[in-house]
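Below is one structure, written out as structure tokens; comments come after it.
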Amino acid sequence: MSTRDTLVRNTFWFGLVTVIGLASGVMMSVVLARWLGPARMGDFSYILWVTRTLTALASLGFAVGTTRYTASALAQGDPALAWGIVERMKRQQFIATAVVAAAMMPIILAVAPDAIRWPLALVCLGLFPITLEHIFSHAVYGANRYDLTTQVSTIKMGLHFAGTVIALALGFDIVGIVVGNMVGTTISALLQQRRARSIYPDTAAPVPPALRHDMRAYLVPLSVVVVLDALVWDRSEVFFLRFWTSSHDIAFYSLAFGLATKAMIFPEITIGALLPTFSGLHGRGAMDEFRGVYRGALRNVTLVGAPIAAVTTAIAPALVTLLYGEVYRPVAALLSVMMIVAVFASMRKVAWTALRGLGDRRCAVTATSVAAAINIAAAVAFIPAWGTWGAVGANTLAQLVATCWAFVVLARTQGCRVPVLTLMRITGAGILSYGAAAALATDEPDLLRIVLAGAAGLATYVGAAVALRVVGAREWRFALSTVHRLQARWRRPPARPTDSETPVKPPAFETRPV
């Protein structure tokens, strides 16, 4: 399969599981918000933030490194080495997780509030299935078999939703929800391991010393970036909100942040399949194609994200009230601003993925460190005075700094330019879309008006995109040809790599740091 065919195929499968995850996530948030109420929902949101932060501390860069190095080894025709890399990453991941769990457990038992102490203790134990599942799923990503991870992820989401509903129905509260999630993730980790073993050879080749040295040099700065990413981009403001505001404010901010993140799932579908593609192109030295994929990804993310942000902003008051009830109406104003920031965050993720595919060891660390310092300083300065709006301002400022930094570095070092004129035309279409949706939207939770406003906004966007020549005949031809290729290859998955396969003129393994 060509690079484009592989990328389209992986994007399809990643998009499928993303759509399923979006539906599952929205239903889960509605169930939790209505069942727990704002105060208890704030406690649960804080537990989720701690879970994600501890997962980042335990995962470090092992999962992303697994995808990059297995993809590079497979691109060079050495599947045995690829499986050796997976085994090495798995061992290191287990050790890192054990260290984090052992360090955090006594702290949680000593200082955590009574209402969330035992759920947080269970979170420490649940780090093991979470992090090990990441290793196996990213090994499957490295082999470009996104169809297998889609199957397992769908099962996991179903288990999590069922476990949450059962726990709430039986009155087990947050502890029961955490236990149900642990069970679902453990089953998912075992299934992901089986999928990974089905596409790699039975024997693993030892990792050469030179490659081990390169992996260490890559993983150390990457791990710093992963941890800082969690602090800057994943609701770190919740930590400061707990000091200066109420549980209600934490619930409102977390719910708005989560909805904005879920809304950007559609444009970020293409990002999920980019890392193995970028890694493979960089490993082969195909930098012209690398730049083309980068520019296309930025365009596609913005093209899909702009109408979603515009329409969601227009219908936010009615939509939030319809889903969660009148008590959560303050979420709507926060969501409207966060939707615009979320579009920038999606563009940043494209640049971040490109840097990781290049083996970057400096830019991401520097940019994320600066953004983290700005985020924390702004949160401390803004939140005591402005509450949740201060949290929004702190996150927005950090996002803009990191995004612009990554764009500049990629342009100067690799010639990866941002398609500015195209993005400006897309923004214009988005503004027109917002105007059309806002003209029909109301603040009342009327489902019919919400649907009509959304349809008017999307129709206006499509018309404006065509008029401004953002999309045209090329896009329609590409869509039709993509459908035809998927139909032709649907029942012919890639063959399992074996030790006997020999590549044609395999390039020597090397890295090209930014």
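By convention here, the first residue in the shown sequence is residue 1. Values reported hereafter were calculated over all heavy atoms of this structure, with side chains retained and with hydrogens, waters and symmetry mates removed.
Put simply, the side chain of Arg117 gets close to the backbone of Ala112: a donor and an acceptor are under 3.5 Å apart. A donor-acceptor pair under 3.5 Å is absent between the side-chain atoms of Tyr434 and the main chain of Thr312, judged by distance alone. A donor-acceptor pair is defined here as one N or O able to donate and one able to accept, closer than 3.5 Å; such a pair exists between the side chain of Thr70 and the backbone of Thr67. Between the side chain of Arg68 and the backbone N or O of Ala63 there is no donor-acceptor pair closer than 3.5 Å. Checked by atom type and distance alone, the side chain of Ser433 never pairs as donor or acceptor with a backbone atom of Ala429 at under 3.5 Å. Checking side-chain atoms of Gln93 against main-chain N and O of Gly61 turns up no donor-acceptor pair under 3.5 Å.
The environment of CZ in Phe161 is crowded: more than 12 heavy-atom neighbours from other residues, nucleotides or ligands sit within 6.0 Å. Other residues, nucleotides and ligands place more than 12 heavy atoms under 6.0 Å from the CH2 atom of Trp35.
Note: Tyr253 and Phe257 have tilted aromatic rings, judged against thresholds of 30 and 60 degrees for the angle between ring planes. Note: Phe94 and Phe128 have tilted aromatic rings, judged against thresholds of 30 and 60 degrees for the angle between ring planes. The aromatic rings of Tyr294 and Phe278 sit tilted, their planes meeting at an angle between 30° and 60°.
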From CA spacing to verdict: side chain to side chain contact (heavy atoms under 4.5 Å, CB included), Val64, Leu219: CA-CA 9 Å; Val64 176; Leu219 288 173; over 6 Å; no

Chi angles and distances behind the side chain to side chain contact (heavy atoms under 4.5 Å, CB included) call for Met157, Met28: CA-CA 10 Å; Met157 287 182 286; Met28 181 79 80; over 6 Å; no

Intermediate values then yes/no, side chain to side chain contact (heavy atoms under 4.5 Å, CB included), Ile85 and Met215: CA-CA 10 Å; Ile85 292 170; Met215 291 168 64; 4.1 Å; yes

Derivation of the side chain to side chain contact (heavy atoms under 4.5 Å, CB included) call for Val152 and Arg194: CA-CA 10 Å; Val152 178; Arg194 291 187 60 183; over 6 Å; no

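Partners of Arg242 by side-chain hydrogen bond (donor to acceptor under 3.5 Å, both in side chains), not counting sequence neighbours: none found. Listed by chain and number, the residues in a ring-ring contact (aromatic ring centres under 6.0 Å, His included) with Trp386 are Phe382 (sequence neighbours excluded). Qualifying side-chain hydrogen bond (donor to acceptor under 3.5 Å, both in side chains) partners for His134, counting only residues two or more places apart in sequence or in other chains: none. Tyr324 meets the side-chain hydrogen bond (donor to acceptor under 3.5 Å, both in side chains) test with Ser29; sequence neighbours excluded. Residues forming a side-chain hydrogen bond (donor to acceptor under 3.5 Å, both in side chains) with Arg40 (at least two apart in sequence, or on another chain): Asp43, Asp173.
Taken to the nearest 0.5 Å, the CD1 atom of Ile426 stands 5.5 Å off from the OG1 atom of Thr302. Of the inter-residue distances, the one linking Leu54 atom CG with Leu120 atom CG reads 8.0 Å to the nearest 0.5 angstrom. Note: Leu400 CG to Asn395 CG = 9.5 Å, rounded to the nearest 0.5 Å. Ile315 contributes atom CD1, which lies 9.5 Å from atom CG of Leu335 (distance to the nearest 0.5 angstrom). Considering CG of Leu159 and CD1 of Ile187, their distance stands at 5.0 Å, rounded to 0.5 Å. Rounded to the nearest 0.5 Å, atoms OG1 (Thr313) and CD1 (Ile308) are 11.0 Å apart.
Between the side chains of Thr131 and Ser59, not a single donor N or O lies within less than 3.5 Å of an accepting N or O. Between the side chains of Gln192 and Ser188, no donor N or O sits under 3.5 Å from an acceptor N or O. For the residue pair Asn375/Gln399, the side-chain donor-acceptor check at 3.5 Å is not satisfied.
Looking at heavy atoms from C-beta onward, His160 lies in side-chain contact with Thr185 at the 4.5 angstrom threshold. Taking the side chain as every heavy atom from C-beta outward, Pro113 and Ile116 approach each other to under 4.5 Å. Looking at Val238 and Ser254, their side chains come closer than 4.5 Å, going by heavy atoms from C-beta outward. In this structure, the side chains of Ile174 and Ile47 come closer than 4.5 Å at one or more pairs of heavy atoms. Counting heavy atoms from C-beta outward, Leu125 and Met105 have side chains that approach closer than 4.5 Å. Counting only heavy atoms from C-beta outward, the side chains of Phe136 and Arg197 never approach each other to under 4.5 Å. Side-chain contact between Leu298 and Phe407 is present, with at least one heavy-atom pair separated by less than 4.5 Å. With contacts defined as side-chain heavy-atom distances shorter than 4.5 Å, the pair Leu57/Met104 does not qualify.
Residue pairs meeting the salt bridge (charged side-chain N to carboxylate O under 4.0 Å, His left out) criterion with at least one partner in residues 374-400, sequence neighbours excluded, are absent.
The minimum heavy-atom distance linking Val380 with Phe240 is given by the pair CG2-CE2, 3.7 Å. Ala39 and Ser247 get closest at one heavy-atom pair: O-CB, 3.5 Å. Pairing each heavy atom of Ala332 with each of Val320, the nearest pair is CA-CG2, 4.1 Å. Nearest approach of Tyr328 to Leu255, heavy atoms of both residues: CD2-CD2, 3.8 Å. Across Ala367 and Trp405, no two heavy atoms sit closer than the pair CB-CG, 3.7 Å. In this structure, Ala438 and Ala314 approach most closely via the heavy-atom pair N-CB, 3.6 Å.
Aromatic ring centres of Tyr46 and Phe239: separated by at least 6.0 Å.
Between Arg34 and the options Leu36, Val31, Val30, Leu32, a side-chain contact (heavy atoms from CB on, under 4.5 Å) holds for only Val30.
Remark: Arg52 fails to qualify as a cation-pi partner of Trp49 under the 6.0 Å distance and 45° angle criteria applied to the six-membered ring.
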